[in-house]
Amino acid sequence: MYTELKREAYEANVSLPRHGLINLTFGNASAVDRARGVFAIKPSGVDYTAMTVEDMVIVDFDGKRVEGTLNPSSDTPTHRRLLMAFEEIGGVVHTHSSHATAFAQAGMPIPIFGTTHADYFNGEIPVTRKMTAEEIGTAYEWETGNVIVERLGNVDPLDFPGVLVNRHAPFTWGKTVAKAVEVAVAVECIAHMAMMSLQLAPKLPQIEPELLAKHFKRKHGPGAYYGQSDTKTKS
Ligand SMILES: O=C(CO)[C@@H](O)[C@H](O)COP(=O)(O)O
């Protein structure tokens, strides 16, 4: 019944180790079907090399398993909270990619030092506040979603398609789960470059607002426009 949705989620999940974004069974990806009020997510604790399309678990927006025999990812409540909060998005990805996770563990946002970063985020990549002992002790995964939504505030979730969870790791999202994977790859590249830039120049300032605006607004790929700034023509 949800074959296409499961395949979409499956392709995103098995691409995470291919991109070098996770080790072991860390991380997870979900794809949403808003018309049917469900999302497909990785099964918990399953080796990525042994995973199949049919292993994907279908969960509704009440958190109930609708289809599948395996347990959904332990991070399912976080995915559900984000999919409910950000109606523009089609999927969520969570990784433990090393450099981005190092910033998350240090409780540091990723500063915006260059155009690579500016192509994906309209500013620094934010980090959440530390969760309280109460939040950790109760519904940790749901509260993780809450602190991400709180940290984003009123900005467009497609202008900031990811957040570092303090003491944990990055969560990213996009119009499709494939785009969310692309953002997760970009976040790890950006984190690595930022870390090296800070080693070379510890007092490096963030880029100028003009350069940020130029690159964030410029889009790449077949659907992008080019030509005079005020006369957009399809490429
Ligand atoms: O955040 C974590 C662990 O800190 C998760 O990424 C797990 O590593 C993956 O859990 P499952 O998706 O297999 O339940």
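Read the numbers this way: they start at 1 and go in the same order the structure lists the ligands and their atoms. Just so you know, these numbers use all the heavy atoms, side chains as well, and skip hydrogens, waters and symmetry mates. The chain is numbered in sequence order, starting from 1. From a predicted model like this one, the values you see are computed outputs, not experimental measurements.
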Under a 4.5 Å side-chain heavy-atom rule over Ile, Leu, Val, Met, Phe, Trp and Tyr, are I136 and F171 clustered together? no

Using the side-chain contact (heavy atoms from CB on, under 4.5 Å) criterion, which residues pair with T115? Sequence neighbours excluded. L211, H215

Please list, chain by chain and in numerical order, all residues satisfying side-chain contact (heavy atoms from CB on, under 4.5 Å) with D159, sequence neighbours excluded. N122, D156, F216

Between the protein and ligand 1, are there any N or O atom pairs that come within less than 3.5 Å of each other, and if so, what are their names and distances?
{"residue": "ligand 1", "atom": "1 (O)", "partner": "D75", "partner atom": "OD2", "Å": "3.4"}
{"residue": "ligand 1", "atom": "1 (O)", "partner": "H94", "partner atom": "NE2", "Å": "3.0"}
{"residue": "ligand 1", "atom": "1 (O)", "partner": "H96", "partner atom": "NE2", "Å": "3.2"}
{"residue": "ligand 1", "atom": "1 (O)", "partner": "H168", "partner atom": "NE2", "Å": "2.7"}
{"residue": "ligand 1", "atom": "6 (O)", "partner": "G27", "partner atom": "N", "Å": "3.0"}
{"residue": "ligand 1", "atom": "6 (O)", "partner": "D75", "partner atom": "OD2", "Å": "3.3"}
{"residue": "ligand 1", "atom": "6 (O)", "partner": "H94", "partner atom": "NE2", "Å": "3.4"}
{"residue": "ligand 1", "atom": "6 (O)", "partner": "H96", "partner atom": "NE2", "Å": "3.4"}
{"residue": "ligand 1", "atom": "10 (O)", "partner": "S74", "partner atom": "OG", "Å": "3.2"}
{"residue": "ligand 1", "atom": "12 (O)", "partner": "N28", "partner atom": "ND2", "Å": "3.0"}
{"residue": "ligand 1", "atom": "12 (O)", "partner": "K42", "partner atom": "NZ", "Å": "3.2"}
{"residue": "ligand 1", "atom": "12 (O)", "partner": "S73", "partner atom": "OG", "Å": "2.7"}
{"residue": "ligand 1", "atom": "13 (O)", "partner": "K42", "partner atom": "NZ", "Å": "2.9"}
{"residue": "ligand 1", "atom": "13 (O)", "partner": "G45", "partner atom": "N", "Å": "2.8"}
{"residue": "ligand 1", "atom": "14 (O)", "partner": "S44", "partner atom": "OG", "Å": "2.6"}
{"residue": "ligand 1", "atom": "14 (O)", "partner": "S74", "partner atom": "N", "Å": "2.7"}
{"residue": "ligand 1", "atom": "14 (O)", "partner": "S74", "partner atom": "OG", "Å": "2.9"}

If you look only at pairs with a residue in residues 128-164, which of them pass as a ring-ring contact (aromatic ring centres under 6.0 Å, His included), with sequence neighbours excluded? none

Are H168 and H96 close enough that their ring centers fall under 6.0 Å? yes

Say you draw a straight line from CE of M195 to OG of S98; how long is it, rounded to the nearest 0.5 Å? 9.0 Å

